[in-house]
Amino acid sequence: MTFNQLQIPTLSDAELEAAIVEHNQKYWELNEPEITDAEFDLLVRELTARKPDSPVLARVPTSTITGDKVRHGAPMLSLDKCYSAEELDRWFARIEGAAIATQKIDGLAVSLRYDGAGRLALAATRGDGETGELVTANMLMVGGVPSQVAAANIEVRGEAFMPVSTFNTRYAEAFANPRNLAAGALKQKDPAKTEAYGLHFLAYDLQGDPTVATEAEEMERLRALGFTVSPYLVCEREEGQRSFEALAATRVELDYETDGIVFKVNNLAVQHGLGNTAHHPRGAIAYKYQGESGLSELTGIEWSVSRTGAINPVALVAPVFLSGVTVSRVSLHNLSIMSKLAGEAPLAVGAQVAVTRRGGVIPHIESVLRPGTGELLLPPATCPSCGAATEVREDVLVADHAATCTGAASRRLLHVASALDLDGFGPKLIEQLFAAGLLAEPADFYTLTAERLRTLDRLGDKTAANLLASIEARRTLRFASFLNALGAPEVGEQLSRDLEANFESLNGLLDANADQLTAIAGVGPRVSASILAFVAEHRPWIERLAACVTLTWPPKSAAVGPLAGKKFVFTGSLASMSREAAQEQVRALGGATPSGVSGEVDFLVVGDADYDKMVAGKVSSKLKKAISLREAGGRILIVPERDFLPMLTPDSPSA
Ligand code: IVH
């Protein structure tokens, strides 16, 4: 059938499909094209617009060549991405059945087209997804690319890469990374030059073979045809995270760089049925490794006593440079995380660990890649600070020492000093004061005198005067600051402000019952029980501290609204609105929008594009400041625009 372009819209869907199959065959198999590439393109576009799920589009590769450019038959899309078990689980909830999990190879996507005789007829780079570059002769010089296969009219997609071993032995000194080098190697005019770089190809997609029904079958078929495929797992929803971890743990053994694990619906009919968004298939997702990651070695675990008396593990690792900072201490949070990392065997000195920065910021140990052979790192039987016997309670190492332990007490006092902005009271001074018996509980800050301070070694008159002045300046305290300074486990700055808004006196709060507490938005039974327990245990010193200060409440007319008391700073350009519009909306909801980052700021909102760049290591000066504040224990949260937008509609279910 031939036609002129004007006829195309008058064809029925079935006629369009038939025409594509027919002309595709004439072009590829018979080598007798009857219509121009442009006309063929129009047919494909028309069908894509009318019937994007047409099996003809999915099954029949229809790439067209113009000069050294190749228009991909089916566009080479990118993958939606996620970073956590929760997000992966949400993806699983949207799909049906099992998924295949495979390595996400950090190379260059390439499409290989084999003709009716099974010969490699065309190889093209991904380019912009629609049009790539013709690299057939060069791909024939790449390992793992058969020039002939026992199949007709198939398209194989996969990733070309430079093996890490090749890069390390030959190029590491002069080049930044294997990926850029591989890109250059593929672009060579002379295929012999490409060959010299020693690239390889791993296949992950096969189109045009109607005999395969699942991704797993597809992988086996690719293997049978002579391609190399990376290891994969087929898993159900419940096993998603475990499969991610299992494949992630093999990362170091691979001779190629990976940046995550790709999950795809295993059943191909179901996967194709889910269709595509403009950018990615709904039936697949890339679960990416967080931020920049690096390998390091565990040198020990520091058990540090928190102000609640819990003894928390902090991993000490050989310094590793990640997204612009050197990381050497990584919190392990609690014992369950520690045992989860360690798997069957306990952690030992010398273990090789993958360290990342969660959200590009918070240091985190992702996995243990090789067990250590040194000393075993077990939770201590006694508190490292006071020697009290420890026990494990709900994954937390505790001891009955909160009131007596120097470590816990000085942490508590340090928290009070920093929450109240008592300048000059750092960890060393506080420990000294505690040891000298001058500072046993928070109220003691207010009973310090020049004479008492003078009894400390090496503390000059000037310093003593400054310390006392900073205390005098904090004799009048906003109720919320006072509450925050108490350091009750669940009561941070926000809840302190909520409590302030709901209680007009300290005794009103100290005498409150569970019903009164749970009536406050955001306070459930757990938080309420924790507050009640804290008051029951600590009331005496809380009252002694209150006796030293004057408490004040802000006037009721103060900013109200869901963002009241919250400070937002913006960096980068937002995709959804101008920065000014965003600031206006925050203020309309009661929040404040100072211009620069400081310790007072709650959120640094980063435009989505810049957030992704940040994760890749590019940071603005506002970001740098925010990251260092955060690392110093500040409250500032660095959030991408996509997480900020729901805050503007606090009643919507996604907020
Ligand atoms: S499936 C929609 N599987 O990641 C494309 N892609 O962000 C579905 N990639 O350009 C491709 N390893 O080149 C798939 N095992 C794998 C992959 C993989 C790397 C690349 C692919 C694509 C990019 C998507």
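Remember, it's 1-based here, ligands and their atoms both numbered in the order they're listed.
At a heavy-atom cutoff of 4.0 Å, ligand 1 is surrounded by L77, S78, L79, T102, Q103, K104, I105, A109, R126, E159, Y204, V262, K264, P281.
The ring pair (Phe, Tyr, Trp, His ring centres under 6.0 Å) check on F201 picks up nothing, with sequence neighbours excluded. With sequence neighbours left out, the ring pair (Phe, Tyr, Trp, His ring centres under 6.0 Å) criterion links Y197 to Y171.
Ring to ring, Y289 and F244 are close: their centroids are under 6.0 angstrom apart.
Screening residues 131-144 for side chain to side chain donor-acceptor pair (under 3.5 Å) gives N138-T194 as the qualifying pairs, with residues at least two apart or on separate chains.
No side-chain donor-acceptor contact under 3.5 Å links W91 to the backbone of K81.
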- [ ] Using the salt bridge (charged side-chain N to carboxylate O under 4.0 Å, His left out) rule, take R221 and E217 through it: C-alpha gap first, then chi angles, then the decisive distance, then the call.
- [x] CA-CA 6 Å; R221 181 87 179 108; E217 285 172 30; over 6 Å; no
